[in-house]
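Worksheet: one structure, shown below.
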Amino acid sequence: MRIEADVAIVGSGFAGSLAALALRRRGRRVVLVERGRHPRFVIGESSTPLANLLIEELADKYDLPQVRPFSKWGTWQRSRPDVAGGLKRGFTFYFHRPASAFEDDDGHARQLMVAASPHDEIGDTHWYRPDFDLNLVREAESAGAICLDETTIDRVAFDVARASLHGTRHGTSIEIDAGFVVDASGPRGFLARALNLDAPPLRWLPPTQGIYTHFENVVRWDSLDAGQPFQGRPYPPDDAALHHVFPGGWIWVLRFNNGITSAGAALVMGPPEGGHYDGWNNLLKSLPSVREQFANARPVQPWMHAAPLAFRTTQVCGANWALLPSAAGVIDPLLSTGFPLTLLGIHRLLDVLETTSPGAGRDAALREYERVTLAELDATERLVAALYASMDDVPLFKRLTLLYFAAASYSEAARRLGRPDLAPGFLLHAHPVFGRDLHACCEQALAKPRGRAHDDLCAHIDSAIEPFDVAGLLDRSRADWYPARGEDLMASAWKLQATAEDIDALLERCGFANRFPVAQAFRAHSTSV
Ligand SMILES: Cc1cc2nc3c(=O)[nH]c(=O)nc-3n(C[C@H](O)[C@H](O)[C@H](O)COP(=O)(O)OP(=O)(O)OC[C@H]3O[C@@H](n4cnc5c(N)ncnc54)[C@H](O)[C@@H]3O)c2cc1C
């Protein structure tokens, strides 16, 4: 079989299929090559407001109305109930002491809840990837992409203008001649191996490993005694990315609406602990409240073990090939950064392919794509490494996460106001002020400060956040339970160079105002201000 294509995409996860769909809308001939077969179990499930906004932007820019409903829980449930998913109202953290049942005080010293949405309708989601990815690859095929599953590519060669890929599918030899190759095959993927790309150890994050699977019969944390009291909480803590954090690692629990729960642990690598299954059980022995949550849980997929969990290449593209960010690196799922990084990369790479032709212009654009991709992975790694260094220091861990939440909520609001220029770089890392402070705070946290240095760092984080805080993150009276309130955005309009009317319209567009008439209530207040 011989196939001529403008773009060959290797890997039909959500990223490969989305890129294929967008390219087809621009009339490109696309071949999408997958070594496995859908539906298949794959990890990486929890989305964020920025990821969802990027899905919306992609859907609008490339006229993909079939993709847009997946950006919010409500539209997803109404339009595609056949695709399983989970409701994610925010990020929930519980901080455990090893070998002790979970306990907390009225000030929530050992928890943190940050809402991303004011109600379920516009909530974020967990993507049940077997369904989600199958749906997208079918859409790509309907849009005219040639989709080859169960295909092994064993040779790739690049010359100045073209790429040729040779492989086999069900015993038939396949030759693909393409103008450009997009590697969407995930970490340690196709081109990382075929081109033997350099992938040195990470710089700031200690070596970590991941153990994970899908379960049934995981009880809700809020149904356990350990989960009480929850009066006044900003959302049900299980309708979220639920994190159980402890010194040396953390566990994620993501519930889908089909009875399946995704759970696993990311752990700083220590001495080997026997089999993977034993590893999980041993871990739960030291976390009695989490063990209670999993008392009747049963894995419904094989255990997966990723060691090391993180991966980074130093090269991201060549003259006629590029890795998506998810193929160039995976840091850690702690802050659900994989989807937004990947989606930002898809936007950037599609722009390169659309606005340049092979030659000097494209080379320069690809170099810029590589620079930004690596810088975003660096910023993510630095923050996640700072968090790992603080897992035994709950107050500092919580403070550091606020850097993430401040950057994420500010960036989302700026983009939704049509002012992406206010929020340069993922996590605002390229912002001249916030980026510098983010860098400095992470470096200080990595040094594990104590005493005065610890207090200074907390004060530094607060002052870094303040000009960008549009979510009331510095309001200590909330005792680490942060609801998503239109009022906070309205009161911070000036930080976004916006008027009260701008914010009013934004809240209306985003569905805040429909359920909570905060805009009207605050219009009078802010116009008088
Ligand atoms: C443990 C863990 C948990 C994570 N959790 C989150 C999370 O909660 N939120 C978040 O935002 N991000 C998370 N991530 C990151 C997330 O997994 C990725 O961002 C996301 O999966 C990227 O999607 P993708 O389509 O690019 O790649 P993948 O989902 O990895 O899909 C790659 C596809 O390529 C195929 N493939 C691989 N090699 C080849 C080959 N040689 N030839 C042909 N096909 C090939 C594979 O079969 C697969 O179908 C997590 C990562 C890990 C490791």
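Note that the coordinates shown come from a computational prediction; the quantities given were computed from them, not determined experimentally. Read the numbers this way: they start at 1 and go in the same order the structure lists the ligands and their atoms. We number each residue from 1, following the sequence as shown.
Protein heavy atom nearest atom 47 (O) of ligand 1, with residue, atom name and distance: E34 OE2, 2.6 Å. Looking at atom 30 (O) of ligand 1, its nearest protein heavy atom turns out to be G186 CA, 3.8 Å. Summary of contacts: the protein heavy atom closest to atom 37 (C) of ligand 1 is S185 O, 3.3 Å. Scanning the protein for heavy atoms near atom 13 (C) of ligand 1, the closest one is G44 CA, 3.6 Å. Nearest protein heavy-atom contact of atom 23 (O) of ligand 1 is F14 CE2, 3.2 Å. Protein heavy atom in closest approach to atom 44 (N) of ligand 1: R35 N, 3.1 Å. Among protein heavy atoms, the minimum distance from atom 52 (C) of ligand 1 is reached at I43 CG2, 3.7 Å. Looking only at heavy atoms of the protein, atom 15 (C) of ligand 1 is closest to G338 CA, 3.9 Å.
Residue-environment remark: CZ (R188) exceeds the threshold of 12 foreign heavy atoms within 6.0 Å.
Annotation for ligand 1: atoms under 4.0 Å from non-hydrogen atoms of V33 are 43 (C), 44 (N). Atoms of ligand 1 lying under 4.0 Å from any heavy atom of S46, numbered from 1 in the order shown and given with element: 7 (C), 8 (O), 9 (N), 10 (C), 11 (O). Against a heavy-atom cut-off of under 4.0 Å, A15 is close to the following atoms of ligand 1: 24 (P), 25 (O), 26 (O). Counting atoms of ligand 1 from 1 in the listed order, those under 4.0 Å from a heavy atom of S326 are 22 (C), 24 (P), 26 (O). Near R129, meaning under 4.0 Å from any of its heavy atoms, are these atoms of ligand 1: 20 (C), 21 (O), 23 (O), 25 (O), 28 (P), 29 (O). Interface atoms of ligand 1 facing E45, defined by a heavy-atom separation under 4.0 Å, are 6 (C), 7 (C), 8 (O). Close approach of ligand 1 to P333 (heavy-atom distance below 4.0 Å) involves ligand atoms 2 (C), 3 (C), 4 (C), 5 (N), 6 (C). Those atoms of ligand 1 that come under 4.0 Å of a heavy atom in W252, given as number and element, are 1 (C).
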When you look at R367 and E370, which way does the salt bridge (Lys or Arg N to Asp or Glu O under 4.0 Å) test go after all the steps?
CA-CA 5 Å; R367 274 198 302 279; E370 176 172 84; over 6 Å; no
Where do K61 and D351 land on the salt bridge (Lys or Arg N to Asp or Glu O under 4.0 Å) test, with the steps shown first?
CA-CA 11 Å; K61 182 167 180 187; D351 279 350; 2.6 Å; yes
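Residues R35 and S185 have side chains not in contact (no heavy-atom distance under 4.5 Å, counting atoms from C-beta outward). The shortest side-chain heavy-atom distance between L309 and P333 falls under the 4.5 Å cut-off. For the pair S411 and F426, the minimum side-chain heavy-atom distance is 4.5 Å or more.
For ligand 1, one of its N or O atoms has an N or O atom of F339 under 3.5 Å away.
The CG atom of L287 sits 8.5 Å away from the NE2 atom of H244 when rounded to the nearest 0.5 Å. Remark: L64 CG to L18 CG distance equals 7.5 Å, nearest 0.5 Å. The CZ atom of R80 sits 12.0 Å away from atom OG1 of T75, with the distance rounded to the nearest 0.5 Å.
Each of R169, H38, R37 was checked for a side chain to side chain donor-acceptor pair (under 3.5 Å) with D149, and the lone residue meeting it is R169. Here the rule is side chain to side chain contact (heavy atoms under 4.5 Å, CB included) with H166, and of I174, T152, D154 only D154 fits it.
At a 4.0 Å heavy-atom cut-off, ligand 1 touches R40 through the side chain alone. Contacts of A184 with ligand 1, taken as heavy-atom pairs under 4.0 Å, involve the backbone alone. Residue-level proximity to ligand 1 for L341 is absent, since no heavy atom of it falls below 4.0 angstrom. Contacts with ligand 1 closer than 4.0 Å are made by side-chain heavy atoms of V42 only, the backbone lying farther away.
Taking a cutoff of 4.0 Å between a charged side-chain nitrogen and a carboxylate oxygen, R416 and E56 qualify as a salt bridge. The pair R255-D239 does not count as a salt bridge, with every side-chain nitrogen at least 4.0 angstrom from each carboxylate oxygen.
Ligand 1 has T342 within reach: a non-hydrogen atom of the residue lies less than 4.0 Å from it.
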